[in-house]
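See structure below.
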Amino acid sequence: MTDFNTIILERKGRVGVITLNRPKALNALNSELMNEVVAAVADLEADNGIGAILITGSERAFAAGADIKEMQSKTYMDAYVEDFFTPWDRVAAARKPLIAAVSGYALGGGCELAMLCDFIIASDTAKFGQPEIKLGVIPGIGGSQRLTRAVGKAKAMELCLTGRNMDAEEAERAGLVARIVPAAELLDDALKTATTIAEMSLPIAMMAKEAVNRSFETTLAEGVRFERRVFHSTFATEDQKEGMTAFVEKRSAEFKHR
Ligand code: CAA
């Protein structure tokens, strides 16, 4: 799919950039937008010229949550039968590195979309929160789980129970975001970071991502064993030979499998 109504998909060098684009609704995540993001990620995953994916919104809003107007009249049966929100899991399952560049509101589903990326770069105007409780629901795209893993029980519980927002500084202190940058520099900075990643060996970046993600799924001993086996397997790649040879020869590595 190349024609999108609610997102803009661009290829900037080896980085695929998905810009959420429903400005009048502060990028609220309706079904069309969800399906388009899922399709765009699948498209970029299949594209050999792409080594990293950046998801961003506007300066005012990354996304102000799932679309409340679309959800308002849903019944339990609608939600259950359509398996409401489950397509987002396909974005979380992307194997290429996925970065969220967040400016303005990242609330509810917006915060959850940012958290299902591999890491978040936030502008100094970013606001994060899970305000679902004020609407009589709870997070539905993994917020109660990923926020808790990111910031710990006390703060996740407070945010989910009160619905209050965190500003960028609090989010950085709590470990939700990797870095804060001035709003005017967000896109350039995030694109530069994504490009740095996209210039690495793609299979090795995918292995690094898989190893870090494993830490959320298993015990420390199993996680270390998994890491060790994957580390061993890196020696079967041409890119390990190139990376180490380039170091010894005092030149930049030219990875083959990008
Ligand atoms: N769904 C649908 N429309 C939304 C929306 C949302 N989540 N958030 C904002 N909008 C719309 C508003 O309805 C408004 O549209 P109209 O002009 O047609 O009325 C437009 O975007 C601009 O919004 P505001 O006028 O409210 O802008 P503001 O600057 O005064 O406030 C805000 C900004 C604080 C983000 C406020 O819009 C707000 O509170 N939004 C809802 C946040 C929220 O509750 N998100 C969670 C949704 S539930 C969810 O996400 C479930 C889940 O787990 C996935």
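One-based numbering, in listed order, for ligands and for the atoms of each. Everything quoted here is computed from the prediction, not taken from an experiment.
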Problem set entry | Proximal atoms of ligand 1 relative to Glu112 (non-hydrogen, under 4.0 Å) | 52 (C), 53 (O), 54 (C)
Exercise. Do you know which of Asn5, Asn27, Asp67, Thr6 makes side-chain hydrogen bond (donor to acceptor under 3.5 Å, both in side chains) with Arg22?
Worked result: Asp67
Exercise. So, Asp89 versus Thr86: side-chain donor-acceptor pair below 3.5 Å or not?
Worked result: no
Problem set entry | N/O separation below 3.5 Å, Leu107 to ligand 1 | no
Exercise. Between Gly109 and ligand 1, is there a nitrogen or oxygen pair with a distance under 3.5 Å?
Worked result: yes
Problem set entry | Carboxylate-amine/guanidinium proximity below 4.0 Å for Lys192 and Glu185 | no
Exercise. Charged N to carboxylate O below 4.0 Å: is that the case for Arg179 and Glu172?
Worked result: no
Exercise. To which of Lys69, Lys24, Glu70, Gln130 does the heavy atom nearest atom 18 (O) of ligand 1 belong?
Worked result: Lys69
Exercise. Below 4.0 Å from any atom of ligand 1, is there a heavy atom belonging to Lys134?
Worked result: no
Exercise. Tell me: protein heavy atom nearest atom 1 (N) of ligand 1, and distance?
Worked result: Ile68 N, 2.9 Å
Exercise. Within less than 4.0 angstrom of ligand 1, does Pro131 place any heavy atom?
Worked result: yes
For this session: Examine the proximity of ligand 1 to Arg60 and report which part, side chain or backbone, both or neither, has a heavy atom under 4.0 Å away.
Result: side chain
Exercise. Can Val137 be said to touch ligand 1, with heavy atoms closer than 4.0 Å?
Worked result: no
Problem set entry | Glu158 CD: over 12 foreign heavy atoms closer than 6.0 Å | yes
For this session: Tell me which protein heavy atom sits closest to atom 11 (C) of ligand 1, plus the residue, atom name and distance to 0.1 Å.
Result: Ala25 CA, 3.9 Å
For this session: Tell me which protein heavy atom sits closest to atom 52 (C) of ligand 1, plus the residue, atom name and distance to 0.1 Å.
Result: Glu132 OE2, 3.2 Å
Exercise. Evaluating non-hydrogen atoms only, which member of Gly65, Gly108, Ala64 is closest to atom 43 (C) of ligand 1?
Worked result: Ala64
For this session: Evaluate whether atom CD of Glu249 has more than 12 neighbouring non-hydrogen atoms of other residues, nucleotides or ligands under 6.0 angstrom away.
Result: yes
For this session: Might you confirm whether atom CZ of Arg11 has over 12 heavy atoms from other residues, nucleotides or ligands at distances under 6.0 Å?
Result: yes
For this session: Please determine if Glu238 and Lys256 form a salt bridge, counting it only when a charged side-chain N lies under 4.0 Å from a carboxylate O.
Result: yes
For this session: Report the part of Leu135 (side chain from C-beta onward, or backbone N, CA, C, O) that has a heavy atom under 4.0 Å from ligand 1; answer both or neither where that applies.
Result: side chain
Exercise. Hey, would you say the Phe231 and Phe235 ring centroids sit under 6.0 Å apart?
Worked result: yes
Exercise. Is the closest N or O pair between Ala28 and ligand 1 shorter than 3.5 Å?
Worked result: no
